[in-house]
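Scope of the values below: all heavy atoms of this structure, side chains included, with no hydrogens, waters or symmetry mates.
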Amino acid sequence: MSEIPRISEAEWEVMKIFWSRSAPCTAHEIFEALQGFSKWKTNTVKTLITRLVKKGALGFQEQRRVYLYFSLVTEEDCIKSEAKTFIRRVFGGALKPMLVTFLQEEKLSQEDIAELKQLLEGRKD
């Protein structure tokens with residue numbers, strides 16, 4: 001995995017739209033897609049897109065004076081990067097204390113427990 005840029009919470013909301021679409025989008029299309037989720041103005045969305053381009057999370061191409069933006073990083077790679085950063089920052093890089101904390105705090109169904117057991121069993125190698 002190459003260097004994944006740090007993405008703010010607001011930028012994540014914008015990236016989710018790009019990850020959910022297969023074709024490049026205009027800033028206006030992203031603004032429209034966010035209307036049900038945020039009260040951001042057009043300029044706010046454009047600013048977030050500009051930041052994401054500068055960070056290397058988005059690329060763009062110009063077609064007839066219209067900019068089409070597209071993701072340069074995958075959602076999966078960003079999630080992995082954020083998880084590693086979180087574990088390092090909050091738990092000093094130790095996975096076990098994080099797992100213990102979440103397991104003690106969250107209610108798990110029998111199905112969840114069975115799936116976790118299966119995952120752990122697969123890691124024994």
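By the 6.0 Å contact criterion, CD on Q35 is enclosed, its count of non-hydrogen atoms from other residues, nucleotides or ligands being greater than 12. Enclosure of atom CD in E115 is not indicated, since only 12 or fewer non-hydrogen atoms of other residues, nucleotides or ligands lie within 6.0 angstrom. Atom CD of E105 has 12 or fewer neighbouring heavy atoms from other residues, nucleotides or ligands inside a 6.0 Å radius. For E62, the CD atom sits in a packed shell: over 12 heavy atoms of surrounding residues, nucleotides or ligands are nearer than 6.0 Å.
The shortest distance between side-chain heavy atoms of V73 and M15 falls below 4.5 Å. Side-chain contact between I79 and T74 is absent, with no heavy-atom pair separated by less than 4.5 Å. Between F70 and L58 there is no side-chain heavy-atom pair separated by less than 4.5 Å. Side-chain contact check for I17 versus F31: every heavy-atom pair is 4.5 Å or farther apart.
T101 places a side-chain N or O within 3.5 Å of a backbone atom of P97 that can act as its donor or acceptor partner. Put simply, the side chain of E29 gets close to the backbone of T26: a donor and an acceptor are under 3.5 Å apart.
Residues V45 and A27 share a closest heavy-atom pair of CG1-O, 4.1 Å. Scanning both residues, E13 and L34, for their nearest heavy atoms gives O-CD2, 3.9 Å. Residues F18 and I30 share a closest heavy-atom pair of CZ-CG1, 3.6 Å. Closest non-hydrogen pair, W12 versus C78, comes out as CH2-CB, 3.7 Å. Residues A57 and I7 approach most closely at CB-CD1, 4.4 Å, considering heavy atoms. In terms of heavy-atom proximity, E11 sits nearest to K55 at OE1-NZ, 2.7 Å.
Grouped with V100 in a hydrophobic cluster is no other residue, since no side-chain heavy-atom contact under 4.5 Å to another Ile, Leu, Val, Met, Phe, Trp or Tyr is found. Applying the 4.5 Å side-chain rule to ILVMFWY residues, one finds F86, I87, V90, F91, L95, M98, L99 in the same cluster as F102.
Relative ring orientation between F60 and Y69 is described as tilted, the plane-to-plane angle lying within the 30° to 60° band.
The pair E75-K16 fails the salt-bridge criterion, with no side-chain N (NZ, NE, NH1 or NH2) lying under 4.0 Å from an Asp/Glu carboxylate O. Ion pair K80/E76 flagged as a salt bridge, since at least one NZ, NE, NH1 or NH2 atom sits closer than 4.0 Å to an Asp/Glu carboxylate oxygen.
In this structure, CD1 in I113 is found 7.0 Å from NZ in K117, a value given to the nearest 0.5 Å. In this structure, OG on S71 lies 13.0 Å from CZ on R21, to the nearest 0.5 angstrom. Expressed to the nearest 0.5 Å, how far CD1 of I4 lies from CZ of R6 amounts to 12.0 Å.
Every residue two or more places apart in sequence or in another chain was checked for a salt bridge (charged side-chain N to carboxylate O under 4.0 Å, His left out) with K46, and none qualifies.
In this structure, W19 is not a member of the same hydrophobic cluster as L72, with clusters built from ILVMFWY side-chain heavy atoms closer than 4.5 Å. No single ILVMFWY cluster, assembled from side-chain heavy atoms under 4.5 Å apart, contains both L48 and L68.
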